Amino acid sequence: MNVVSPLKLPEAFETGISSIDEEHKGLIADLNDYLSSFQQEAIGDFDKVFPVIIADFEEHFAAEEQLMAEAGYSGLERHIRHHQQILVELHTLLERCRERGTAETGDVIVFFQKIIDDVSKADMKFVEFLLTENRLTEFKSR
Ligand SMILES: [Fe+2]
Ligand SMILES: [Fe+2]
């Protein structure tokens, strides 16, 4: 299968908060590394890799929630539910791969789509909140 060219976070999806942006890019870089290993072996060792990626998502979500709590973000509860929903979906994906005994490129792309979901549906709302409160500068280098 022709593997997609490297996954990339669209520029419009940069929050402007460096720690958050770096974490999104780090997660995507790991997905790209894993995708490139698919070219050598059709079946990846997904059951070793996916749990690690899911743990990295959890770590990223926890860091965001911490930052949002510090900011007194009014949408925090909703954001936490959104993160939990993504994690449930990723665990379901892992279970499905286990049932099949294999993972495909499309499964890795789902992880990428979840990052895009996180940014576009939730993280950007936090940025809007900071902008409304005129506090984005305060969080830029966090
Ligand atoms: Fe995020
Ligand atoms: Fe988020």
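Values below: all heavy atoms of this structure, side chains included; hydrogens, waters and symmetry mates excluded. These figures come from a predicted structure and were not determined experimentally. In listed order, ligands and their atoms are each counted from 1. Heads up: numbering here begins at 1 and tracks the sequence.
- Atom OD1 is the N/O/S atom of Asp118 found closest to the Fe ion (ligand 2).
- Because the distance cut-off is set at 2.8 Å, Glu64 qualifies as a neighbour of the Fe ion (ligand 2) through one of its N, O or S atoms.
- Side-chain contact check for Leu94 versus Asp47: some heavy-atom pair is nearer than 4.5 Å.
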Taking it one step at a time, do Leu136 and Ile17 satisfy side-chain contact (heavy atoms from CB on, under 4.5 Å)?
CA-CA 8 Å; Leu136 184 59; Ile17 301 163; 4.0 Å; yes
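- Taking the Fe ion (ligand 2) as reference, the nearest N/O/S atom within His79 carries the name NE2.
- For the Fe ion (ligand 2), the set of nearby N, O or S atoms under 2.8 Å includes one belonging to His83.
- Taking the Fe ion (ligand 2) as reference, the nearest N/O/S atom within Asp123 carries the name OD1.
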Full working for side-chain hydrogen bond (donor to acceptor under 3.5 Å, both in side chains) between His24 and Glu14
CA-CA 9 Å; His24 290 154; Glu14 291 192 15; over 6 Å; no
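- A distance of 9.0 Å separates CZ in Arg98 from NE2 in His91, rounded to the nearest 0.5 Å.
- Between Ser120 and Met124 the shortest heavy-atom distance is O-CB, 4.3 Å.
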